[in-house]
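In what follows, a structure is listed as structure tokens, so that the remarks can point back to it.
Just the heavy atoms: all of them, side chains too, but no hydrogens, waters or symmetry mates, feed the values below. In each ligand, atom 1 is the first atom listed, and ligand 1 is the first ligand listed. Throughout, numbering of the chain's residues begins at 1 and tracks the sequence.
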Amino acid sequence: MFRIGQGFDVHQLKEGRPCIIGGIEIPYEKGLLGHSDADVLLHTIADACLGAIGEGDIGKHFPDTDPTFKDADSQKLLQHVWEIVKKKGYLLGNIDCTVIAQQPKMAPYIERIKENIARILQVEIEQINVKATTTEQLGFTGREEGIAAQAVVLLHKTTQ
Ligand SMILES: Nc1ccn([C@@H]2O[C@H](COP(=O)(O)O)[C@@H](O)[C@H]2O)c(=O)n1
Ligand SMILES: C[C@@]1(CO)OP(=O)(O)OP(=O)(O)OC[C@H]1O
């Protein structure tokens, strides 16, 4: 049986915050604002995984009203989501995702991000693809007010 899920997330860029994307801290004059570490890419992937198994979204599992998740490491949140996926008997087909940002330039960090996502999920790096695009200076991403990310995930399990 196959299940597909998609995710979309946005976080605001603010001075004085770290810019953590895919679990990697990227040098940049601004960083992402959120209740957690605001890792827009890992949130998107977590949402896509939850979507694929019909388990809602990260806001349902990790409410932003809960102080437990203040400044939470999103790698741990994704790990938790992945445990739920595995408990339901699913394996990963592949993940494809896109970071939508005018800045910072993602290209130098893409390989490390892919490796990190593969490590978190304990899958092969070939199962993960990470892309980046600008919006050609248009909209909130183009004005560097925020960063968006989207992901699709394909899961499968064998049925007896
Ligand atoms: N934050 C970003 C955005 C884009 N890239 C890379 O540049 C290529 C061209 O981007 P366009 O928006 O002009 O299509 C894109 O394919 C990425 O490889 C990036 O590294 N970081
Ligand atoms: C990740 C959580 C954790 O409280 O907080 P935020 O960093 O605000 O991120 P968001 O993408 O708005 O998802 C909500 C929450 O689950």
Side-chain angles (χ1 to χ4, degrees), residues 5-85 87-88 94-121 125-153:
Q6 67 88 32
F8 178 75
D9 195 25
V10 172
H11 281 273
Q12 212 182 128
L13 279 166
K14 283 276 175 208
E15 278 165 25
R17 288 277 301 180
C19 189
I20 299 170
I21 302 178
I24 304 297
E25 186 163 346
I26 296 177
Y28 184 47
E29 65 204 37
K30 291 186 267 188
L32 294 167
L33 185 66
H35 181 61
S36 68
D37 65 5
D39 189 326
V40 66
L41 181 58
L42 297 191
H43 292 181
T44 303
I45 292 170
D47 262 348
C49 292
L50 290 168
I53 58 170
E55 281 288 341
D57 58 30
I58 54 169
K60 177 181 152 190
H61 291 263
F62 316 112
D64 62 8
T65 46
D66 186 339
T68 315
F69 305 118
K70 179 88 188 89
D71 298 321
D73 178 348
S74 297
Q75 298 177 106
K76 296 213 168 74
L77 303 185
L78 179 58
Q79 242 154 20
H80 182 91
V81 165
W82 195 243
E83 288 304 314
I84 301 173
V85 170
K87 271 195 192 122
K88 289 205 164 195
N94 69 297
I95 292 174
D96 186 22
C97 48
T98 305
V99 176
I100 303 157
Q102 196 64 42
Q103 290 289 339
K105 277 288 165 235
M106 295 299 300
Y109 306 100
I110 294 284
E111 220 37 50
R112 275 176 65 197
I113 290 172
K114 282 169 56 179
E115 279 167 18
N116 196 41
I117 295 167
R119 177 191 64 79
I120 294 166
L121 304 180
I125 193 165
E126 291 75 19
Q127 291 170 279
I128 313 292
N129 192 60
V130 179
K131 313 188 292 300
T133 188
T134 68
T135 49
E136 303 289 349
Q137 295 173 329
L138 296 169
F140 71 86
T141 52
R143 291 189 296 271
E144 297 171 41
E145 293 167 1
I147 292 180
Q150 54 189 28
V152 285
V153 55

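In this structure, Arg112 does not pair ionically with Glu115, as no charged nitrogen and carboxylate oxygen lie closer than 4.0 Å.
Thr133 OG1, 3.8 Å is the protein heavy atom nearest to atom 14 (O) of ligand 1. The protein heavy atom nearest to atom 1 (C) of ligand 2 is His43 CE1, 3.5 Å. Given atom 13 (O) of ligand 2, the protein heavy atom at minimum distance is Ile58 CD1, 3.5 Å. Protein heavy atom nearest atom 21 (N) of ligand 1, with residue, atom name and distance: Met106 N, 2.8 Å. Here the protein heavy atom with the shortest distance to atom 12 (O) of ligand 2 is His11 CE1, 4.0 Å. Closest to atom 5 (O) of ligand 2 among all protein heavy atoms lies His35 CB, 3.6 Å.
Just one of Gln103, Lys105, Glu144 meets the side-chain hydrogen bond (donor to acceptor under 3.5 Å, both in side chains) condition when paired with Tyr28; it is Glu144. Under the side chain to side chain contact (heavy atoms under 4.5 Å, CB included) test applied with Cys49, the options Leu121, Val85, Ile58 reduce to a single match, Val85.
Counting only distance, with no hydrogens or angles, the side chain of His35 and the backbone of Asp66 share a donor-acceptor pair below 3.5 Å.
Set against the non-hydrogen atoms of Glu136, the atoms of ligand 1 under 4.0 Å away are 13 (O). Numbered from 1 in the order shown, with element, the atoms of ligand 2 that lie under 4.0 Å from a heavy atom of Asp9 read 11 (O). Remark: ligand 2 atoms within the under-4.0 Å shell around heavy atoms of Phe69 are 3 (C), 4 (O). Using a 4.0 Å cut-off to heavy atoms of Asp64, the atoms of ligand 2 that qualify are 4 (O). Close approach of ligand 2 to Pro63 is summarised as follows: ligand atoms under 4.0 Å from at least one heavy atom of the residue are 4 (O). In summary, the atoms of ligand 1 found under 4.0 Å from a heavy atom of Ala101, numbered by their order in the structure, are 1 (N), 2 (C), 3 (C). Each of the atoms 2 (C), 3 (C), 4 (O), 15 (C), 16 (O) of ligand 2 lies under 4.0 Å from some heavy atom of Phe62. Near Ala107, the atoms of ligand 1 lying under 4.0 angstrom from a non-hydrogen atom of the residue are 19 (C), 20 (O).
For Ser74, the heavy-atom gap to ligand 2 stays at 4.0 angstrom or more. The shortest separation from a heavy atom of His61 to ligand 2 is not under 4.0 Å, leaving the residue out of contact. At a 4.0 Å cut-off, at least one heavy atom of Gly59 sits close enough to ligand 2 to count as contact.
If you check the side chains of Gln75 and Asn116, you find a donor sitting under 3.5 Å from an acceptor. Judged by distance alone, the side chains of Asp9 and His43 do bring a donor and an acceptor atom under 3.5 Å apart.
Taking the side chain as every heavy atom from C-beta outward, Gln137 and Arg143 never approach each other to under 4.5 Å. Between Asp96 and Lys131, some side-chain heavy-atom pair lies under the 4.5 Å cut-off. The shortest side-chain heavy-atom distance between Ile117 and Leu41 falls under the 4.5 Å cut-off. Counting only heavy atoms from C-beta outward, the side chains of Arg17 and Gln12 never approach each other to under 4.5 Å.
The residue from Gly34, Ala46, Ala38, Ser36 that puts a heavy atom closest to atom 7 (O) of ligand 2 is Ser36. When the options Lys131, Gln103, Lys105 are ranked by their closest heavy atom to atom 7 (O) of ligand 1, first place goes to Lys105. The nearest non-hydrogen atom to atom 4 (C) of ligand 1, considering only Gly142, Pro104, Ala132, comes from Ala132.
Residue Pro104 comes nearest to Ile147 through the heavy atom pair CD-CD1, 4.0 Å, listed as atom of the first residue, atom of the second, then distance.
Surrounding NZ of Lys60 are more than 12 heavy atoms belonging to other residues, nucleotides or ligands, all under 6.0 Å away.
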Check against side-chain contact (heavy atoms from CB on, under 4.5 Å), Leu42 and Ile120: CA-CA 10 Å; Leu42 297 191; Ile120 294 166; 4.1 Å; yes

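Among the atoms of Thr134, some N or O lies under 3.5 angstrom from an N or O of ligand 1.
Within the 4.0 Å cut-off (strictly below), a protein heavy atom is located near atom 17 (C) of ligand 1.
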